[in-house]
Structures are given as structure tokens and as C-alpha cells.
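Taking it in order: structure first as C-alpha cells, then the write-up.
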Amino acid sequence: MGLKTALPKLELYLYTAVLYLAILWAGSWIWEASSENMNRKVFKKSVKPGWHYFGRKMDVADFEWVMWFTTFRNHILFALAGHVIFAKLCSLISPRRRSLIYGLYGGLAVLVSMGWSFLALVLSHCFILYSVALVKRKWIVFIAGLASLATFKMEPFNSWQEGFVIGSFDLQDILFYGGSGFTIMRCMSFALENCEKKDGNYSFLDLLKYNFYLPFFYFGPIQTFDQYHDQANNPNLTRKQREMWNITTKALLHLGVILLVDVFFHYLYILTIPNDIKLVKQLSDWSLAGLAYSNLVYDWVKSAVMFGVINTVARLDHLDPPQPPKCITMLYVFAETHFDRGINDWLCKYVYDYIGGSHTNIFKELVATLCTFGITTLWLGPCDVVYIWSFYNCLGLNLELWVATFFSLPPFSTIEHAMGEAMSRRIRGIFGAVNFWTIVLYNVLALNSVEFAKLVGKRLIVQGFPQSTLSVLFVTYCGVQLVKERERKQALMDELEQESNG
């Protein structure tokens with residue numbers, strides 16, 4: 001319900017004003033806490049001198065961001081720029097063989113960066129999983145693939161395989177686990193697509209061309225084999241109207257966001273403050289809510305920018321890579337929560353949607369979510385925090401279906417229909433606001449710590465009740481209503497577009 005009925009303009013403006021004022025209010029508290037405590041002893045490891053003309057220290061607690069855009073920026077740019085130049089030349093010379101050339105360049109880059117022993121290790125796993133793919137049994141593919149993935153995620157197998165890599169440099173661990181983990185997921189995609197192939201089998205060369213595409217090799221995202229194979233082997237390299245303009249504007253947008261985040265880190269130490277529990281306990285409820293929310297927003301921004309940089313290169317190669325993750329501010333249901341669209345698409349295609357079907361059967365949904373989060377736990381690396389994160393997100397996903405199923409039964413469905421679209425939308429907005437903070441708390445424990453998540457939950461739900469609890473939920477409710485209005489407009493636009501095309 002609520003697709004046709006628009007929010008009254010006055011109500012829309014009220015929700016917008018409340019949301020922005022609340023964000024500014026919480027941001028001012030975090031800025032004050034950052035400014036007054038930048039010289040704390042606990043901050044020394046993660047708050048370092050920043051840009052000289054700001055005259056302030058900078059939050060450098062996120063190694064991944066610092067690695068990408070400071071420490072190893074030139075190395076990553078050099079590798080991607082080399083790929084772009086090489087790929088463009090080869091596409092002009094031999095467009096039909098460009099997937100082979102991409103694979104050769106990627107394999108050579110892996111050899112130079114990690115050595116022949118790592119390349120041999122990756123090739124051995126590719127060969128094993130290719131052999132399994134020839135059997136054309138999905139359950140055997142999953143057993144073999146997950147067993148291979150476990151050898152890179154669990155002791156003592158991961159340490160034993162890491163010992164094959166010769167030499168030592170700062171990026172070695174990241175490249176090793178990134179390259180090997182994504183390789184296994186790509187090999188499983190290849191094997192599962194081969195099971196669907198009715199006539200014959202894909203070749204081992206097809207797997208190597210797919211796996212060693214350099215922009216995706218170390219850092220993802222994962223593009224399923226069927227999509228990559230079709231796109232990389234398409235000899236038609238003509239671009240759509242204004243496609244290069246869109247690629248350029250998105251690249252400039254990513255650059256602007258990178259600079260904006262760096263400026264942001266000079267004033268708001270959102271990553272360092274949660275690590276100092278003693279300081280966190282002194283902050284106001286609004287500061288804690290703002291910290292938890294901003295950490296999830298930052299993680300979304302980081303994922304969108306890093307995958308966006310890689311996707312820009314992929315689009316120059318005439319590929320259509322996975323889209324950036326959906327903004328955390330737009331999420332109020334567990335079913336749409338993800339930070340890596342590639343992994344999410346992989347899991348949905350081969351596990352969640354395959355088992356869950358239409359996601360209306362409670363038992364099928366339970367099995368689908370258990371399998372999905374079981375594989376996700378292995379992918380992330382089994383440990384206590386990941387177990388807790390997987391359990392609560394799996395529970396949240398199932399609770400959504402249970403609650404939706406319960407309220408779809410009479411007399412609730414009859415009451416909702418009688419109350420009209422506007423009231424129904426408001427009531428659903430209240431549930432959405434509660435669900436949003438459930439998503440925040442369930443995910444912030446993995447991004448920061450279980451202790452920080454417990455403290456935020458205790459302050460907002462127990463100690464802050466009713467004033468902080470209800471005020472935070474009201475602000476969130478305003479945000480949910482704005483998101484629902486945006487979704488309503490988008491749905492109407494899609495409906496009109498389908499009618500015009502039809």
C-alpha cells in the first residue's frame with residue numbers, strides 16, 4: 001500500500017527539516033568530542049598529522065582507506081592505469097580476443113606483484129574446481145568450493161598456503177587473501193554456470209580469462225561468470241549515447257568524495273572515538289546515535305568509492321559491473337542490507353533466491369538464510385564477531401518475514417485496508433524506524449566492536465528511555481518517510497517507462 005498516495009508537501013518539508021537538524025545536532029556533538037580529545041593517549045595510534053593547511057590532526061583508523069588513497073595510492077593507480085592503456089590498445093587491434101588479452105595482462109600482473117608460487121597456488125585451485133565443474137553436480141561444486149575457501153580462511157591451512165608466497169611487503173597479506181578468496185568465489189560461479197550449460201562445457205581457458213581480469217582480481221567486486229563471459233566476449237564495442245560523459249562524471253564524483261572524506265576525517269574522529277570506551281561512556285545519547293549511524297554511512301561510502309574506482313575501469317572495458325551498494329540511509333529492511341553488491345548478487349543467485357524461491361514460505365526462507373549466512377561467515381572468516389553478526393542478521397531477515405506474514409492475516413489485513421493508504425504508510429514507517437536501528441546495531445558490532453554496540457543499545461533503549469529513545473525513533477521515522485516517498489516516485493517512474501516501452 002502507499003504507492004499512489006503522495007506525502008503532503010508540508011509534511012515532506014517537516015520531515016526533511018527534522019532530519020537535517022538532527023544530523024547537524026549530532027554532528028556538532030561529535031565535532032566537540034573530537035576537538036577536545038584529539039591529544040588523548042588512546043588517540044595517538046589512529047589520529048595523525050593531517051593536511052598542513054587545516055592545522056588539525058586526521059583520523060587514520062581505517063587501514064583500508066589509508067591504503068587505497070594514501071599509502072599505496074600510486075601503486076594501485078599505476079596497475080589500473082597500465083591495464084586501461086594496455087586494454088584500449090588491444091581492443092583496437094583485436095576486439096574479438098580482448099578477454100584473452102585481459103587475462104594475460106592480469107596473470108602477468110599477479111606474477112609480478114606476488115610471485116610465481118602464489119600464481120601456481122591460484123592455478124592449482126582453479127584446476128581443481130574446473131575438474132569438479134565437469135561433473136556438473138551443484139552439490140559437489142558447493143562442497144569442493146567451500147572446502148577450498150575454508151583452506152584460506154581457517155588454520156592451519158591458510159598459514160600453510162601463505163608460506164608459499166616468497167618475500168615480504170606491506171600489502172602481501174591483503175593481496176594474498178583478497179586474490180585467493182575472490183578466486184574461489186569466481187571459480188564456484190564458473191562451475192555453477194557450467195552445471196547449467198546444456199551442451200558441452202566451458203573451457204579451462206574461459207575460467208582463466210574470467211578469473212585473471214585484473215581490476216576484479218584482488219579487491220572485487222565479483223561479477224558472475226555468465227555476465228562477464230557474455231560482456232567480455234562481445235565484439236561490438238560501440239558505446240551508448242553520453243556513456244563516456246557518464247563514466248567521466250562518475251570518476252570525478254569519486255575523486256570529490258575521496259577529498260571530502262579526507263576533509264571530514266580532520267574534524268570528526270568517528271572511527272577512533274568508538275575504540276575509546278572510557279570516552280564513549282561520557283558522550284551524550286545523541287552523540288552515540290550519531291557515531292553508530294555515521295560509522296555505517298562511512299562504510300557504505302568507502303565501499304561505494306572503492307568499488308566505484310574499479311567499476312570505472314571495468315566500464316572503460318565495455319563491461320557492466322555490479323552496482324555500488326545501496327546507501328545505508330535508504331535501508332529500513334534487512335532484505336536489502338548489504339555493503340558489497342557483488343557478493344550479495346552472488347549469494348542471491350546461487351543460494352538465497354535458489355533455495356528461498358519467492359521468499360514467502362517461512363521454512364524455505366529459514367533454510368535459505370541459514371545457508372546464505374553460513375557461506376557469508378566462511379567468506380568473512382570464522383570468528384566470534386562474525387558468528388554474532390551472522391546470527392543477528394539472519395534472525396532479523398527471518399523476523400521480517402514472520403512479522404509480515406503475521407500482519408498479512410485477518411483481522412490485521414482488513415484493518416489496514418480500512419484505515420487507508422496514508423495511515424498504513426505512517427504505521428509501516430514506525431516499524432521501519434525500529435527496524436533501521438536494529439540494522440544499525442546488528443552491523444555496527446562488526447564495524448567497531450561488540451562492546452560499543454552493546455553500549456549504544458543500552459543507552460538508546462534502556463537508560464535513554466523514553467526521551468532519547470523516542471526522539472531518535474522520531475527522527476528515524478522522518479527519514480523512513482522520505483525514503484518511502486522517494487521509492488514511491490521511482491516506482492511510478494518505472495511504471496510509466498514500462499507502459500511507454502510496452
Side-chain angles (χ1 to χ4, degrees), residues 64 103 106-107 109-111 113-169 171-195 202 204 206-214 216-225 340 342-344 346-347 349-351 370-387 389-390 446:
E64 202 170 15
V110 172
L111 176 64
S113 59
M114 291 292 287
W116 66 268
S117 55
F118 175 74
L119 182 62
L121 179 66
V122 169
L123 287 172
S124 66
H125 279 275
C126 288
F127 182 75
I128 291 170
L129 291 177
Y130 175 75
S131 302
V132 171
L134 299 179
V135 181
K136 290 199 171 187
R137 292 290 184 272
K138 289 186 177 182
W139 65 273
I140 298 179
V141 169
F142 272 107
I143 291 174
L146 295 178
S148 292
L149 184 61
T151 63
F152 289 106
K153 300 294 182 178
M154 302 174 68
E155 291 288 355
F157 310 105
N158 57 342
S159 297
W160 176 70
Q161 291 184 101
E162 193 175 6
F164 285 103
V165 181
I166 301 171
S168 178
F169 55 97
L171 266 181
Q172 181 173 293
D173 287 346
I174 293 174
L175 297 184
F176 176 83
Y177 288 108
S180 56
F182 280 116
T183 289
I184 301 303
M185 300 301 277
R186 282 188 290 263
C187 287
M188 288 181 68
S189 176
F190 171 88
L192 291 168
E193 292 299 332
N194 193 66
C195 293
Y202 292 108
F204 186 56
D206 288 329
L207 173 58
L208 296 183
K209 290 188 293 185
Y210 167 53
N211 184 58
F212 285 100
Y213 178 66
L214 183 62
F216 295 164
F217 183 81
Y218 285 120
F219 303 111
I222 291 177
Q223 186 176 30
T224 55
F225 174 75
D340 182 339
I343 289 290
N344 183 74
W346 192 102
L347 289 168
K349 179 173 185 178
Y350 300 122
V351 184
L370 288 173
C371 292
T372 299
F373 281 100
I375 295 173
T376 305
T377 300
L378 183 60
W379 165 251
L380 294 174
C383 64
D384 290 344
V385 172
V386 174
Y387 294 145
W389 175 87
S390 293

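Computed over heavy atoms, backbone and side chain alike; hydrogens, waters and symmetry mates excluded. We number each residue from 1, following the sequence as shown.
For the pair W346 (side chain) and I222 (backbone), a donor-acceptor distance under 3.5 Å is absent. In this structure, the side chain of S159 does not engage the main chain of P156 through any donor-acceptor pair within 3.5 Å. Although no hydrogens or angles enter the test, the distance criterion places no donor-acceptor pair under 3.5 Å between the side chain of Y202 and the main chain of A191. One N or O on the side chain of Q161 and one on the backbone of T151 form a donor-acceptor pair closer than 3.5 Å. The backbone N or O of W379 sits less than 3.5 Å from a side-chain atom of K153, completing a donor-acceptor pair.
Between L123 and L208, the closest side-chain pair of non-hydrogen atoms falls below 4.5 Å. Under the 4.5 Å side-chain criterion, counting only non-hydrogen atoms from C-beta, L380 is not in contact with F373. Taking 4.5 Å as the limit, some side-chain heavy atom of V351 sits within range of a side-chain heavy atom of F142. Within the 4.5 Å cutoff, the side chain of N211 has no heavy atoms near those of the F182 side chain. With contacts defined as side-chain heavy-atom distances shorter than 4.5 Å, the pair M188/L149 does not qualify. Two residues are said to be in side-chain contact when any heavy atoms from C-beta on lie closer than 4.5 Å; F157 and F152 fail this criterion. Side-chain atoms of L192 and K349, non-hydrogen and from C-beta on, never get closer than 4.5 Å to each other.
Shortest non-hydrogen contact noted between C195 and R137 is SG-N, 3.7 Å. The two residues V385 and A446 have their closest heavy-atom pair at CG1-CA, 3.8 Å. Annotation for L207 and C126: closest pair CD2-O, 3.5 Å, computed over non-hydrogen atoms. Annotation for I184 and S148: closest pair CD1-CB, 3.8 Å, computed over non-hydrogen atoms.
One finds the CZ atom of F118 at 9.5 Å from the CD atom of Q172 (value rounded to the nearest 0.5 Å). To the nearest 0.5 Å, the span separating CD1 on I143 from CG on L146 amounts to 8.5 Å. Between atom NZ of residue K136 and atom CG of residue N194 there is a gap of 5.0 Å, rounded to the nearest 0.5 Å. Atom OG of residue S390 and atom CD1 of residue I375 lie 11.5 Å apart, to the nearest 0.5 angstrom.
A donor and an acceptor atom, one from each side chain of Y177 and E162, are located under 3.5 Å apart. Side-chain polar atoms of T377 and Y387 form no donor-acceptor pair below 3.5 angstrom. Between the side chains of S189 and E193, no donor N or O sits under 3.5 Å from an acceptor N or O. If you check the side chains of T224 and Y350, you find no donor sitting under 3.5 Å from an acceptor.
Taking the six-membered ring for Trp and the full ring otherwise, F212 and F217 have centroids separated by under 6.0 Å.
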Quiz prompt | Residue pair V122, M114: steps toward the side-chain contact (heavy atoms from CB on, under 4.5 Å) verdict | solution = CA-CA 11 Å; V122 169; M114 291 292 287; over 6 Å; no
Self-check item: Step-by-step side-chain contact (heavy atoms from CB on, under 4.5 Å) determination, L121 to W116
Solution: CA-CA 9 Å; L121 179 66; W116 66 268; over 6 Å; no
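Ring orientation note: the planes of Y130 and F190 are tilted relative to one another, at an angle of 30° to 60°.
Checking each of Y218, Y213, F219 against F216 for a ring-ring contact (aromatic ring centres under 6.0 Å, His included) leaves exactly one that passes, namely Y213.
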